[in-house]
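Excluded from the calculations below are hydrogen atoms, water molecules and symmetry mates; all remaining heavy atoms, backbone and side chain alike, are included. Small disclaimer: the values here were computed from a predicted structure and weren't measured. Positions are given from 1, in the same order as the sequence printed here.
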Amino acid sequence: MAQKDGGAQPAPKTESHDPAFPEAFLQFMRTGWREDAISVAPVPEAPNYAKRRAALSEAFPGETLIIPSGNEKVRANDTDHPFRPGSDFFYLTGDRDPDSVLILHPTASGHEAVLFTRERNSKDTDRFFRDRNGELWIGRTHTLAEKSTELGLETASLGHLGSALAQSAPGRTRVLRGLDANVDRAILAYEPNRDRPRDRELAWTISELKLVKDEWEIAQLQAAIDATVRGFEDVARVLPADRGVKERLLEGVFGLRARHDGNDIGYGSIVGAGAHATILHWVRNTGVTTPGELLLMDMGVEGHNLYTADVTRTVPVSGTFTPLQRQVYDIVYASQQAGIEAVRPGVLFKDVHQVCMRVLTEGLHDLGLLPVSVDEAMAEDSTIYRRWTLHGFGHMLGIDVHDCAHARNETYREGALGEGYVLTVEPGLYFQPEDDLVPEELRGIGIRIEDDVLVTADGCRNLSDGLPRTSGEVETWLAAQREAGPRLPG
């Protein structure tokens with residue numbers, strides 16, 4: 001692949017507490033360094049990224065498409081969050097660096113793809129030791145040529161982005177907005193007489209391309225899910241049956257597995273002990289487990305190529321469900337099982353939802369909670385059952401935990417499932433501690449069971465079946481993990 005070098009570089013990234021270096025030190029730092037080459041080779045998945053760019057090109061003939069990776073985000077003062085590239089950008093390039101921009105320039109035969117990215121802060125200038133993005137701060141980075149070789153993609157200096165925009169062919173320019181304010185400003189500056197940048201159609205097109213996973217993507221998801229199974233086992237092995245431990249201990253144990261076996265956690269781990277399980281996105285994890293109560297854990301490992309698992313299990317801290325806990329758990333399990341059995345190509349997404357919700361609503365009726373019949377509770381002008389179910393049956397899964405989020409409603413929420421889709425099936429029941437419409441013994445119980453399911457030609461396959469689902473299997477599994485004892489990833 002050809003590379004286009006040169007161009008202005010961003011201002012050095014420094015901090016307020018950096019010293020003023022004397023000239024003698026600067027001169028000393030500029031000498032005596034050896035330049036070691038690194039071995040690079042095309043990544044095996046590079047053809048996958050090229051196929052995705054080609055599919056996107058077909059959808060927008062004659063238009064310039066701009067997809068940025070995003071910026072580093074400030075965590076506090078002068079410290080940043082660890083950078084993760086925008087999912088759509090990574091889906092099309094495989095590049096992991098901040099401040100990069102993919103441009104698809106229209107040509108007579110389709111599009112030419114060019115990745116505009118930072119040049120290496122080599123030892124040719126003081127940036128390698130003065131800039132916080134220099135190599136003495138963050139390690140050896142790739143040259144444009146090295147990155148081009150790895151990704152199978154033409155590269156150019158980020159400093160040339162403006163001139164490339166100014167020289168691009170006339171016509172509509174579409175920008176995936178919201179990730180990079182600098183890119184947004186650059187587009188507006190260099191495109192004053194063109195249509196205003198638009199991203200809605202670009203965003204939904206990429207989302208809909210992501211609906212069908214290829215074999216490589218399925219393998220990435222399976223690896224992340226398998227690591228997640230090991231993470232749940234790690235947590236179970238340190239969960240005492242006879243005393244409380246902090247939710248954050250369990251969160252940390254799973255986080256260790258995620259960092260060891262993958263890139264990171266795919267989302268903030270939800271570790272809800274007792275009544276915290278009734279809070280859907282409980283990520284503060286400030287509670288303590290209590291023997292006799294339940295523990296809900298919603299956790300997923302993000303793999304090395306950023307595909308993530310999303311799995312939930314609810315376990316009895318003491319090791320055995322009480323009769324009432326088991327009754328509620330079995331209702332949720334029956335709902336999930338019915339939903340999984342309904343998943344197959346051609347089935348409407350919303351119909352799977354209805355299957356799961358009917359089982360839950362029937363269970364609520366059996367518990368004596370519904371003030372009306374099951375049919376009346378589920379009627380579109382009522383849906384009062386949702387007081388205790390709160391959310392839908394699931395969502396698409398992939399390079400995002402809520403994958404394909406910008407797909408059109410008629411394609412996703414109102415659309416039919418297709419072979420190669422991967423989605424979660426995760427019904428739940430939640431009885432809030434302050435809910436006076438349920439008996440006191442139910443208050444504070446929250447149960448969710450979530451698995452990651454691949455739609456196959458004749459049905460579906462549960463990718464996370466390495467973890468048990470029935471109440472009896474959960475008890476047996478928990479006992480076996482505790483007997484095995486704690487372990488370190490390795």
**Study point:** Lys/Arg N to Asp/Glu carboxylate O, Asp234 vs Arg487, below 4.0 Å
**Key:** yes
Exercise for review: Establish, yes or no, whether a centroid distance under 6.0 Å links the rings of Tyr430 and His391.
Suggested key: yes
Practice item. For the residue pair Phe321 and Tyr329, categorise the inter-ring angle as parallel (less than 30°), tilted (30 to 60°) or perpendicular (more than 60°). Key: tilted
Point to revise | For Glu293, all residues meeting salt bridge (Lys or Arg N to Asp or Glu O under 4.0 Å), sequence neighbours excluded | key: none
Review point. Do Arg75 and Asp80 sit within salt-bridge range, that is, some charged N less than 4.0 Å from a carboxylate O?
Key: no
Point to revise | Sub-4.5 Å side-chain heavy-atom contact between Val101 and Phe89 | key: no
Practice item. Provide the full list of side-chain hydrogen bond (donor to acceptor under 3.5 Å, both in side chains) pairs with a residue in residues 342-354, sequence neighbours left out, each pair given once. Key: Lys350-Glu414
**Study point:** Test applied, side-chain hydrogen bond (donor to acceptor under 3.5 Å, both in side chains); reference residue, Lys147; option that passes from Thr141, Thr117, Thr155, Thr93
**Key:** Thr117
Check your understanding: Taking the six-membered ring for Trp, are His276 and Trp282 ring centroids under 6.0 Å apart?
Key -> yes
Point to revise | Carboxylate-amine/guanidinium contact Arg52 Glu217, below 4.0 Å | key: yes
Practice item. Step by step, work out the side-chain contact (heavy atoms from CB on, under 4.5 Å) result for Val315 and Leu294. Key: CA-CA 6 Å; Val315 302; Leu294 299 177; over 6 Å; no
Check your understanding: Going from CG on Asp97 to CG on Leu158, what distance comes out if it is rounded to the nearest 0.5 angstrom?
Key -> 10.5 Å
Exercise for review: Find the distance between OG1 (Thr286) and CD (Glu251) and round it off to the nearest 0.5 Å.
Suggested key: 10.5 Å
Check your understanding: Any salt bridge between Arg461 and Asp451, counting N to O under 4.0 Å?
Key -> no
Review point. Is atom CD of Glu410 surrounded by more than 12 heavy atoms (other residues, nucleotides or ligands) closer than 6.0 Å?
Key: yes
Check your understanding: Is Arg284 salt-bridged to Glu247, cutoff N-O under 4.0 Å?
Key -> no
Check your understanding: Any side-chain heavy atom of Leu437 within less than 4.5 Å of one from Leu369?
Key -> no
Review point. If you measure from the Lys or Arg side-chain nitrogens to the Asp or Glu carboxylate oxygens, is any gap between Asp435 and Arg387 under 4.0 Å?
Key: yes
Review point. Going by the angle between their ring planes, with limits at 30° and 60°, are Phe393 and Phe349 parallel, tilted or perpendicular?
Key: tilted
Exercise for review: Before giving the answer on salt bridge (charged side-chain N to carboxylate O under 4.0 Å, His left out), spell out for Glu201 and Arg172 the whole-Å C-alpha distance, their side-chain angles and the decisive distance to 0.1 Å.
Suggested key: CA-CA 12 Å; Glu201 189 174 352; Arg172 174 169 289 172; 5.4 Å; no
Review point. Are there more than 12 heavy atoms of other residues, nucleotides or ligands under 6.0 Å from atom CD of Glu483?
Key: no
**Study point:** Residues Lys210, Asp88: salt bridge by 4.0 Å N-O rule
**Key:** yes
Point to revise | Spacing of CG belonging to Leu423 relative to CG belonging to Leu397, to within rounding of 0.5 Å | key: 8.5 Å
Practice item. Run the numbers on Asp330 and Ser471 for side-chain hydrogen bond (donor to acceptor under 3.5 Å, both in side chains), then give the verdict. Key: CA-CA 7 Å; Asp330 289 347; Ser471 54; 3.0 Å; yes
Check your understanding: Do Thr308 and Asp400 have side-chain heavy atoms sitting under 4.5 Å apart?
Key -> no
Review point. What about the rings of Tyr49 and Tyr91, do their centers lie closer together than 6.0 Å?
Key: no
Check your understanding: Between CD1 of Ile447 and OG of Ser335, what distance do you get to the nearest 0.5 Å?
Key -> 12.0 Å
Point to revise | Test: Lys213 and Glu419 ion pair at under 4.0 Å | key: no
